[in-house]
Amino acid sequence: MSPAGAVEERVQALLARMSLDQKIGQMTQPERLHVTPAEVKAYHIGSVLSGGGSCPADNRPSDWVAMNDAYWAASMEEDAGHLAIPILYGVDAVHGNANVRGATVFPHNIGLGAAGDPELLERAGRVTAREVLAAGVDWTFAPTLAVARDPRWGRTYESYSEDPGVVAGYAARIVRGLQGEGILACAKHWVGDGGTEAGVDQGDTVVDEEELRRVHMAPYSAAVEAGVPTVMASLSSWRGEKCHAHSYLIRDLLKGEMGFTGFVLSDWNGVDPLAAAYGEAAAMAVNAGIDMLMVPETWREVIAELKQQVKRGVVPIARIDDAVARILRVKFACGLFERPRPAARPASNGIGFGSREHRAVARDAVRKSLVLLKNEDGRLPLDKGARILVAGSAAHDRGRQCGGFTIEWQGVSGNAAIEGGTSMWEGIRAVAPQAVLWEGEGEISDARDFDVGVVIVGEQPYAEGLGDIRHPSPVRPGAHVSVAPGTLQPYGDTLEFAARHPEALRTIRELAARGIPVVTVLISGRPLVVNEELAASSAFVAAWLPGSEGAGVADVLFGHHPFNGRLPMSWPSEMPGVNGRVGTGGNGVLFPRGYGLRPD
């Protein structure tokens, strides 16, 4: 019998023993703050997740292992009313296992897209997987395969490129990297989340099917071919219909035409907007092809209501059996049933977590991600013997370098929470010990004291809709959420960096006015309108969100490694109109995708 045949035989044998309660339990995924190990057993729960920033105890790998061990043990207590089916724990390790203190934090995807190195993606995936396994976890909600078409979208940094070919080319490599070390990957978000009108998170992607297939579906084909076992549905809509309830997208295209045999997971409370009642909403999602419901807080209500929908015939038992078979198939195929409890796994509490070896891979990713946009009079590379003044609000801020989905959902500022890495200032100081950090207090010394100023500025950390560039939305009533989709306050209403962060331009101009040539390094999750900052700078570097290894920036600034990065997205010269997009018709583009200087 083939391995696939043996798995299927085990799936069907276990499915035949399961009650309806046990089946619906396997389809349910609560958040760790809202479910106990005892409830995992009592309700036959199939999966538990950590939301961004949700962590046990002191947030060390050992704390995660102990927590997961307790959930696993509860799921494996078999008796007359319970079957031993191991829990599957999921986390957002989207740029390293960055929810955990001391982790190696990689550049966010937009920086990896600039690097143009698929092999690097596979290495980054392997490091991430090892650090996920060190926490006793089996599953990451990554990679994001969105094709970001508008930098106003707050999740732009989760996209490798605006070019579907680039994203598709990366998809298989990151999946192989993650799964080559033994964790499960999850391609997200199916489908079209990067193409919403005006870049509104959870908005509407109004394109025809040809464009949806050509642009937004293409990366998923590569991921499915590479064996990705789980896919997360998008909170956005396609032509006015929520993706979570879109049977054509999930059942016909993903599972049917593309031949995806794994299971489809809903996003955070993604079923809630579908209908006013839990039962109706859950039924719509499951009938559309959602197999596992991410219901962080309201999982008890959803279980009870979905059970009633099955008994009434609204949700066919065949659809339930198909969903559960898909979940069990993934658990059997990845060897989850054969793995020892998390506390006894060799990879748990691995000494490689946050190691020098892992950080070397992340530092290499930083070097390759940097894009040089301007280099007047050959100002770069810097001379380590030069008199260097380092300034800017982001110069010595490891949290800001990392961005969102780091320690907290929205990320953190400062250095305290990011352990083991280096800020950009720390990297510069290591190369040029005579460099001076000016943190904005008092007068800058006379221009004769410095040969060059390095000004490091950028966006504050953000994630999801809180990173959108748009006008605040009016409050809309939501079904079961305290804040309805689209009502989160956005980062700002313009891509013009000077309007949101005027202090950056003031610092650049103050140094330039004193006769100090300025090298500006921009930390951002997307291309921004920086015309004034560019004009006042002698050199300008797009550093994206480089993660914990800021020393990688210094490696390139001083010429120890070359500038290799190319823009993964068009760089805007102006804020697009309400429904316009950067680069539409060739307008509003300062630098095209693929641009990047190479200093002599």
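Since this is a predicted model, take the numbers as computed values, not measurements.
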Closest non-hydrogen atom pair between Ala129 and Glu181, with its separation
CB-CB, 3.5 Å
Sequence-distant partners of Glu408, salt bridge (Lys or Arg N to Asp or Glu O under 4.0 Å), two or more places apart:
none
Those residues that, when tested against Phe141, pass ring-ring contact (aromatic ring centres under 6.0 Å, His included) (two or more places apart)
Trp139
Keeping the roles fixed (side chain from Trp190, backbone from Leu249), state whether a donor-acceptor pair exists under 3.5 Å.
yes
Judged by atom type as modelled, is there a donor-acceptor pair below 3.5 Å linking the side chain of Ser159 to the main-chain atoms of Thr156?
no
In the structure I gave you, are the side-chain heavy atoms of Val35 and Val48 within less than 4.5 Å of one another anywhere?
yes
For Asp79, enumerate each residue passing the side chain to side chain donor-acceptor pair (under 3.5 Å) test, keeping only those at least two apart in sequence or located in another chain.
Lys41, His82
Keeping the roles fixed (side chain from Ser266, backbone from Met294), state whether a donor-acceptor pair exists under 3.5 Å.
yes
If I compare all heavy atoms of Asn97 with all of Thr128, which pair ends up nearest, and what's the gap?
N-CG2, 4.2 Å
Any side-chain heavy-atom pair of Trp64 and Val91 under 4.5 Å:
yes
Interatomic spacing from CG in Asp321 to CD in Gln12 - rounded to 0.5 Å
8.0 Å
Exam field: side chain Gln401 to backbone Gly547, donor-acceptor pair closer than 3.5 Å
yes
Here the gap from Asn269 atom CG to Glu297 atom CD, rounded to the nearest 0.5 Å, amounts to 7.0 Å
If every non-hydrogen atom of Ala416 is compared with every non-hydrogen atom of Arg101, which pair is closest and at what distance?
O-NH1, 3.4 Å
For Leu88, does its backbone N or O pair with a side-chain atom of Asp138 as donor and acceptor, under 3.5 Å?
no
Considering only distance and modelled atom types, tabulate donor-acceptor pairs under 3.5 Å from the side chains of residues 308-315, sequence neighbours left out.
none

Side chain to side chain contact (heavy atoms under 4.5 Å, CB included) between Ile110 and Leu545, intermediate numbers included
CA-CA 8 Å; Ile110 192 170; Leu545 296 170; 5.9 Å; no
Treating Asp468 as the side-chain partner and Gly154 as the backbone partner, does any N or O pair qualify as donor plus acceptor under 3.5 Å?
yes
Side chain Arg329, main chain Gly262, donor-acceptor under 3.5 Å:
no
List the residues meeting salt bridge (Lys or Arg N to Asp or Glu O under 4.0 Å) with Glu158, not counting sequence neighbours, and say none if there are none.
Arg155
For Lys331, give me all partners under salt bridge (Lys or Arg N to Asp or Glu O under 4.0 Å), at least two apart in sequence or on another chain.
none
Rounded at 0.5 Å granularity, tell me how far CE in Met27 sits from CG in Leu265.
11.5 Å
Nearest heavy-atom contact between Gly404 and Pro461 is N-CB, 4.3 Å
Side-chain heavy-atom pair Asn59, Val100 within 4.5 angstrom cut-off:
yes
Taken in chain and number order and not counting sequence neighbours, the residues that satisfy salt bridge (Lys or Arg N to Asp or Glu O under 4.0 Å) with Arg173 are Glu122
When you look at CD of Glu357, are more than 12 heavy atoms from neighbouring residues, nucleotides or ligands closer to it than 6.0 Å?
no
Tested for side-chain hydrogen bond (donor to acceptor under 3.5 Å, both in side chains) against Thr104, the lone hit among Arg356, His358, Glu131 is Glu131
With distance as the sole test, does His95 use its side chain to make a donor-acceptor pair with the main-chain N or O of Phe106 at under 3.5 Å?
yes
Val295 vs Ile303 side-chain heavy atoms within contact, under 4.5 Å:
no
Starting at CG of Asp92, measure out to CH2 of Trp268 and round the result to the nearest 0.5 Å.
9.0 Å
Do NZ/NE/NH1/NH2 and the carboxylate oxygens of Glu39 and Arg300 come within less than 4.0 Å?
yes
Under 3.5 Å, side chain of Lys242 to main-chain N/O of Leu235, donor-acceptor pair present?
yes
Not counting sequence neighbours, list each pair that qualifies as a side chain to side chain donor-acceptor pair (under 3.5 Å) and has a residue in residues 44-54.
Gln29-Ser47, Glu31-Ser54, Arg32-Ser54, Ser50-Tyr89
Pairing residues for Trp299 by the ring-ring contact (aromatic ring centres under 6.0 Å, His included) criterion, not counting sequence neighbours:
Tyr43
Do side-chain atoms of Asp193 reach the backbone of Ser236 as a donor and acceptor pair under 3.5 angstrom?
no
Return the CD1 to CZ distance between Ile85 and Phe332, rounded to the nearest 0.5 Å.
7.5 Å
With the side chain counted from C-beta on, respond yes when Val271 and Val286 share a heavy-atom pair under 4.5 Å apart, and no when they do not.
no
Could you list the residues that satisfy ring-ring contact (aromatic ring centres under 6.0 Å, His included) with Tyr248, not counting sequence neighbours?
none
Return the minimal non-hydrogen interatomic distance between Pro219 and Val215, and the atom names on each side.
CD-O, 3.7 Å
Would you say Leu83 and Leu14 make side-chain contact, with heavy atoms under 4.5 Å?
yes
Do you know the tightest heavy-atom contact between Ile45 and Gln26?
O-NE2, 3.9 Å
Indicate whether any N or O donor in one side chain lies under 3.5 Å from an N or O acceptor in the other, for Asp204 and Trp238.
no
Test Met258 against Ser221 for side chain to side chain contact (heavy atoms under 4.5 Å, CB included), laying out the working first.
CA-CA 7 Å; Met258 293 174 64; Ser221 296; 3.5 Å; yes
How would you list, by chain and number, every residue that makes a side-chain contact (heavy atoms from CB on, under 4.5 Å) with Ala172, sequence neighbours excluded?
Arg176, Ala226
4.5 Å side-chain heavy-atom contact, Thr28 and Val302:
no
Does anything in residues 244-265 pair up under salt bridge (Lys or Arg N to Asp or Glu O under 4.0 Å), and if so which pairs, sequence neighbours excluded?
Arg213-Glu257, Lys255-Asp291
Can you measure from OH (Tyr160) to OG1 (Thr144) and round to the nearest 0.5 angstrom?
7.5 Å
Got Ser161 and Val167 here, is their nearest side-chain heavy-atom distance under 4.5 Å?
yes
Please lay out, stage by stage, how Met18 and Leu328 fare under the test side chain to side chain contact (heavy atoms under 4.5 Å, CB included).
CA-CA 12 Å; Met18 296 176 71; Leu328 295 178; 3.9 Å; yes
Could you go step by step and tell me if Asp63 and Arg60 meet the salt bridge (charged side-chain N to carboxylate O under 4.0 Å, His left out) rule?
CA-CA 5 Å; Asp63 301 314; Arg60 305 293 177 181; 5.8 Å; no
Let me see the working for Val94 and Lys188 under side chain to side chain contact (heavy atoms under 4.5 Å, CB included), right down to the final yes or no.
CA-CA 11 Å; Val94 297; Lys188 66 182 187 183; 3.8 Å; yes
